[in-house]
Amino acid sequence: MKQIINDLIAQALLELAQAAQIPSELSINIQVTPARDPGQGDFASNIALMLAKPTGLAPRALAEMIVAKMPVLDTINKIEVAGPGFINFFVDSGTSHAIVQHVLEQGDDFGRSTLGQGGKIQVEFVSANPTGPLHVGHGRGAAYGATLANLLSYVGFEVQKEYYVNDAGRQMHILGTSVWLRYLDLCGESIDFPSNGYQGDYVWDIAATLHRENAERFHKDAAEIYADVCEDAPAGDKEKHIDDLIDNAQRLLGEDEYRFVFDLALNTLVKVIRVDLHAFGVDFDRWFSERSLSDEGLIEQAIKRLQDNGHVYEQDGALWFRSTDFGDEKDRVVCRDNGQTTYFASDIAYHMNKFERGFAKVINIWGADHHGYIPRVKASLSALGYDADNLEIQLVQFANLFEKGEKISMSTRSGEFVTLKQLREDVGQDAARFFYVMRKAEQHMDFDLDLAREQSNDNPVYYLQYAHARICSVRRQCEDKGLEVDINNASLTRLDNAHEQALVKHLGLFSERVESAALRHEPHQVVNYLRELANQFHSWYNAHQFIVDDVELRNARLALASAIGQVLGNGLKLMGVSAPEKM
RNA sequence: GCGCUCGUAGCUCAGAUGGAUAGAGUGUUGGCCUCCGAAGCCAAAGGUCGUGGGUUCGACUCCCGCCGAGCGCGCCA
């Protein structure tokens with residue numbers, strides 16, 4: 001309908017141009033928006049306001065001219081000029097009502113589109129270091145990423161969901177060494193656990209498994225372990241302290257044995273994370289190992305390609321990528337003076353690999369604390385010869401947790417955090433998923449745990465689910481009463497009160513809203529749409545009886561109700577939220 | 001100091017490419033179940049859109065200054 005109106009305006013403008021009443025070469029961007037008020041019809045365009053200046057005509061006069069040139073269509077009852085020069089379109093109710101039939105016919109596919117034309121798009125999200133279980137801070141990215149992937153898929157993209165596993169690097173070594181030290185404790189050694197080690201209970205669990213299955217295999221003497229180790233904080237340097245311990249662990253155990261402990265810790269936690277996410281309704285198509293990049297020589301390849309393109313120089317014994325040539329604020333080291341490549345070098349190789357895999361678009365969902373990292377990654381893509389615009393980095397702000405009115409400070413290192421699993425068990429899967437995507441990603445969000453726990457029945461998600469359950473209940477009532485119900489051939493023109501007309505109009509906006517939410521990466525748009533739909537439904541429900549003696553009217557109302565239920569279900573499914581038939 | 005994300009009702013938040021009278025939820029106050037599910041509906045109240053300028057027919061939206069919040073600014077990951 002919107003497109004039809006768009007065409008109408010375009011045609012009218014063309015005729016006006018041909019009649020030389022307006023200049024012919026105008027850059028026009030016709031805007032047709034859903035009207036906000038029934039008195040303003042169904043759709044409105046501000047075209048006359050926008051063209052007032054370039055044509056030198058008064059907005060209202062121009063609007064009248066445009067309207068006069070518009071062909072008469074039987075799908076549009078009335079076109080009028082209002083306000084400062086808006087053109088309002090009143091769509092024939094029979095035409096509007098067709099949407100109800102359309103929804104019922106399309107069913108679960110209503111709202112789908114081919115907008116993406118099968119374009120390959122990758123969404124990488126969560127990608128938390130496997131140094132501990134996921135906590136509530138990771139939940140937002142998980143829920144958001146999964147929903148965004150659903151949306152993109154729904155509008156016709158071929159979407160691949162990926163988790164980048166940081167299985168190389170210092171943090172993982174600290175974890176491996178933490179596990180080993182706990183293991184030594186279980187072996188009876190007296191261990192002064194490093195302040196910078198990972199202190200969560202899960203570290204003990206992994207150490208216990210290591211001890212149970214391997215007995216004394218990795219047992220070394222505490223005196224040797226602490227030989228030549230820098231003193232821990234507060235007297236010494238806690239960073240140096242842990243690094244020395246890692247060095248000793250590698251030396252005493254040897255490469256293979258050290259790797260065994262390291263991999264046990266890594267694999268255990270990756271599995272914990274995968275199971276947690278699955279329970280949260282979030283599944284990935286691929287878990288990409290950071291370590292595989294160096295194993296397969298991709299980091300070398302990436303650096304060589306940068307060198308070949310002339311974007312690398314040597315200084316102070318290190319290799320630098322001249323990212324300032326591409327807008328970064330300073331150049332970045334890719335290979336240290338000790339010969340080791342940096343984390344950034346891995347990331348360059350990783351992103352190169354993403355595009356080598358043929359993705360037309362790559363979306364990274366990052367915590368907002370990584371925003372300073374964006375320019376250098378984009379710079380590296382440009383330097384490698386890719387269009388950096390095909391990498392879209394979506395930042396997600398942290399959710400501040402509040403409990404008993406106080407902000408909870410969390411730290412993976414200290415083991416003090418609320419896990420995603422705990423949250424899910426507290427407030428329920430549906431509420432947790434819904435809560436996270438209710439708000440715009442860039443918006444700072446307060447997450448009141450007490451409220452989420454104690455008032456979970458007041459969570460907005462129930463408002464939507466309740467509407468769906470009510471609709472199902474009405475259908476059950478009809479069955480119980482043995483009433484004749486034929487929603488597929490209903491006389492939809494009987495839907496003539498204000499509530500019904502508003503609902504019909506709102507149903508017609510779903511597809512467009514889903515597309516907008518997908519392209520703009522804003523799942524909350526769907527949430528808001530559904531809340532409005534549920535609200536209109538509840539109002540209608542309270543104002544009118546559905547199960548009436550008039551069969552024709554009853555069928556019409558049940559058809560509309562069913563269509564609403566269908567759209568609610570489709571929308572909730574996109575967010576990973578269930579649409580219960582009973583509550 | 002520089003950069004990024006923000007600042008909208010008591011609180012939590014919506015307000016796409018600038019458009020008509022800035023909206024929900026929650027909280028407060030008052031109504032609605034002999035009637036399809038009251039986890040609902042209706043009504044009232046609540047605002048200098050952080051602030052000061054600018055751009056124009058029109059600014060919550062765009063530009064600049066300032067105030068305030070969070071986060072970044074390593075040969076860490």
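As a basis for the values below, the full set of heavy atoms in this structure was taken, side chains included, without hydrogen atoms, waters or symmetry mates. First the proteins, then the strands, lettered A, B, ... as listed; each starts at 1.
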Both I87(A) and T33(A) contact RNA chain B. Which one's nearest nucleotide lies toward the 5' end? T33(A)
If stacking means aromatic ring centre less than 5.5 angstrom from the base's six-membered ring centre, planes under 30°, is Y466(A) stacked on G40(B)? no
Checking base pairs now: Watson-Crick or wobble, both atom distances under 3.5 Å. What partners G40(B)? C32(B)
In whole Å, what separates the C1' atom of A22(B) from that of U48(B)? 13 Å
Ignoring backbone atoms, establish whether R513(A) has a side-chain N or O less than 4.0 Å from OP1 or OP2 of A16(B). no
Whichever of G317(A) and R531(A) has its nearest RNA chain B nucleotide further upstream toward 5': R531(A)
Does H524(A) put a side-chain nitrogen or oxygen below 4.0 Å from OP1 or OP2 of G15(B)? yes
Side-chain donor or acceptor of H538(A) under 3.5 Å from a matching atom on the base of C41(B)? no
Is there a side-chain contact between Y463(A) and the phosphate of C41(B), meaning an N or O under 4.0 Å from OP1 or OP2? yes
Report yes if a side-chain nitrogen or oxygen of K330(A) is closer than 4.0 Å to either non-bridging phosphate oxygen (OP1 or OP2) of C75(B); otherwise report no. yes
C75(B) C1' sits how many Å from R170(A) CZ, rounded? 13 Å
Given G37(B), is OP1 or OP2 found less than 4.0 Å from the side-chain N or O atoms of Q477(A)? yes
Write down the partner of G52(B) under the Watson-Crick or G-U wobble criteria, each distance required to be under 3.5 Å. C64(B)
Taking atom CG as the centre, does D549(A) end up with more than 12 heavy-atom neighbours from other residues, nucleotides or ligands that are less than 6.0 angstrom away? no
So does N542(A) reach the base of G40(B) with its side chain, donor to acceptor, closer than 3.5 Å? yes
Under a 3.5 Å limit for both distances, which nucleotide forms a Watson-Crick or G-U wobble pair with A22(B), could you say? none
So, does the side chain of H371(A) form a donor-acceptor pair with the base of G3(B) at under 3.5 Å? yes
Please name the nucleotide paired to G1(B) by Watson-Crick or G-U wobble geometry with both distances under 3.5 Å, or report none. C73(B)
Between G40(B) and S539(A), is there an OP1 or OP2 to side-chain N/O distance shorter than 4.0 Å? no
C76(B) phosphate, OP1 or OP2: any side-chain N/O from R336(A) under 4.0 angstrom? yes
Does A16(B) pair with anything, Watson-Crick or G-U wobble, both distances under 3.5 Å, and if so, with which nucleotide? none
Polar side-chain contact D167(A)-A77(B) base: donor and acceptor under 3.5 Å: no
At under 4.0 Å between heavy atoms, what does A543(A) touch on the DNA or RNA strands: base, sugar-phosphate, or nothing? nothing
